[in-house]
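Here is the structure we will look at, set down as structure tokens.
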Amino acid sequence: MLMKHLLLLPIALFTIISFAIAQHVVQHAPPGFDSLRTGITHGKIDTITYYSKTVDTKRKAVIYTPPGYSKKKKYPVLYLLHGIGGDEREWLNGGHPQDILDNLYAERKIEPMIVVMPNGRAMKDDRAVGNIFDKEKVEAFSTFEKDLLNDLIPYVEKKFSVIKEKESRAIAGLSMGGGQSLNFGLGNLDKFAWVGGFSSAPNTKTPEELVPNPEETKNKLKLLWISCGDKDGLITFSKRTHDYLENHNVPHIYYIEPGVHDFKVWKNGLYMFSQLIFKPVDTSSFSKYPVSMVAPKKMTTPDSTFYIFLCFGQSNMEGNPPYEAVDTIPNKRFLLMQSVNCPDLDRQQGKWYNAIPPLCRCKTGLSPADYFGRTMVENLPAGYRVGIVHVAVGGCKIELFDKENYESYTATAPSWMIGMLKEYDGNPYGRLIEMAKLAQKDGVIKGILLHQGESNTGDTLWPQKVKKIYDNILNDLQLKPNSIPLLAGEVVHADQGGVCASMNTIIDKLPLTISTAHVVSSAGCTDRKDNLHFDTEGVRELGRRYAYTMLPLLGYSIDKK
Ligand code: FER
């Protein structure tokens with residue numbers, strides 16, 4: 001009964017929670033997304049003329065009002081900006097935004113929105129003629145910030161039926177317009193909540209200028225989208241912004257697709273970005289966009305600065321409590337060797353991914369390995385990476401990992417364990433070794449993390465059993481005996497009313513049997529009020545403690561404790 005409880009409650013809770021936070025990942029534009037369709041309602045294109053105090057002249061903009069536009073309703077507005085070779089008609093001529101949007105609207109994939117396509121060259125002669133790279137003409141692209149904020153937006157909001165709140169205002173653009181969108185959008189967080197840069201040009205401010213205060217940007221922005229073609233000569237401007245955002249934990253979508261500097265990429269940018277704006281956002285879905293899944297470049301020899309850690313055990317290692325959005329921000333220095341196939345997560349067994357939960361199987365929760373890895377990369381030298389190999393089975397006894405005897409254990413496995421065992425082809429230890437061998441091609445195994453014991457409570461032979469497994473792992477991976485540390489975490493502590501807490505006196509003795517073993521205390525790590533499983537914060541703290549124990553053993557001090 002106890003074991004059943006150990007497994008079923010978390011699965012039920014987790015299913016509910018992952019349903020609540022799951023957000024649909026918008027897919028790349030399919031063929032025909034931009035063709036003029038009959039039998040659907042169409043929006044309307046008009047040209048508007050407004051007086052610009054900034055330029056002291058009348059200026060033109062193109063405006064798209066959605067199908068069924070009515071003064072009785074109020075609409076959000078997307079300001080959609082052109083490139084250096086264009087003007088207010090460039091999107092219309094090259095991108096057919098009205099067809100893209102009409103089609104999406106007909107498929108109910110976008111919120112009804114007004115789209116304003118201004119002329120982003122704020123000067124009297126604003127045509128794209130003569131030398132478009134002329135200093136004065138390029139400068140007019142930054143002057144446009146004033147025109148947009150002080151002249152155009154007030155005009156649009158006076159003449160059209162518009163929601164005048166930043167949550168209903170988006171800015172996106174291509175190339176020079178992408179740079180403008182990032183500069184103006186991120187520079188005016190009280191005016192725009194949705195910002196998109198498609199193949200942004202060298203007018204893009206430096207990342208530090210764009211995001212001087214990452215916390216503020218994170219809190220005020222709803223969506224930041226950066227896309228580019230992989231063969232676009234300007235990709236460095238998108239990439240440096242992305243790298244900075246990633247290093248400063250600012251959620252954003254970085255979408256790189258095969259392509260050059262042309263409308264194929266920009267139309268897809270509009271297609272995807274327009275489906276994400278003016279709707280609830282789940283930043284944890286951002287990591288599901290393809291680039292986050294890109295494996296690190298294939299290395300022919302193991303990288304001595306890529307530290308691999310093997311993690312195994314039962315439910316608390318598996319990851320029992322739900323994870324939250326903050327737990328899912330990818331860090332490019334923290335990777336996972338996926339140990340089971342998860343088609344819904346777009347993950348394949350035996351490949352590297354950014355390590356974000358679930359680290360164990362497709363529907364497991366937050367593992368101690370999550371914050372172990374995050375804390376490791378924070379404290380290891382710049383550029384060093386951490387890779388996790390993770391195999392755990394809720395409710396299992398330590399005997400499951402004994403390669404000589406596991407079959408007699410699995411033969412009598414309780415029914416609720418059978419599905420889990422199947423995912424490892426009946427042999428979790430075998431999968432651990434198989435994945436570890438793959439990981440060894442790319443990095444160096446530096447340690448083992450164990451969290452197991454609840455199902456062996458009272459078993460004084462447990463240390464001996466762990467030693468046998470530890471010796472087997474090292475031998476199977478051609479590592480010298482006792483050459484790497486083994487960290488064993490305590491089960492839910494007596495101070496949380498842990499029902500298996502008596503096992504901790506046995507776990508605490510592991511270093512007497514294995515000279516390279518170290519114990520990670522669970523004192524004060526909060527539980528899920530089931531007296532068996534750590535809660536989300538408890539498991540984060542336990543994970544950090546594994547790292548604080550590992551770092552000095554590898555010769556590193558802890559800076560950020
Ligand atoms: C540059 C290269 C490209 C530049 C601007 C662009 C201002 C813009 C390209 C576009 O809008 O398509 O050096 O400098």
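Just so you know, ligand 1 is whichever comes first in the structure, and atom 1 is the first atom listed for that ligand.
- Cation-pi geometry between K446 and Y307 is satisfied (NZ or CZ under 6.0 Å from the ring centre, within 45° of the ring normal).
- Checked against the 6.0 Å centroid threshold, F263 and W91 count as a close aromatic pair.
- Residues C228 and F198 are not in side-chain contact: their nearest non-hydrogen atoms beyond the backbone lie 4.5 Å or more apart.
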N/O pairs closer than 3.5 Å, ligand 1 and protein:
unit_1   : atom_1 : unit_2 : atom_2 : d
ligand 1 : 11 (O) : I84    : N      : 2.7
ligand 1 : 11 (O) : S175   : OG     : 2.7
ligand 1 : 11 (O) : M176   : N      : 3.1
ligand 1 : 12 (O) : S175   : OG     : 2.8
ligand 1 : 12 (O) : H261   : NE2    : 3.0

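- Under the 30°/60° scheme for interplanar angles, the aromatic rings of F141 and H82 are found to stand perpendicular.
- A centroid separation of 6.0 Å or more is found between the aromatic rings of F192 and F184.
- For the residue pair Y50 and R59, a side-chain donor N or O sits within less than 3.5 Å of a side-chain acceptor on the partner.
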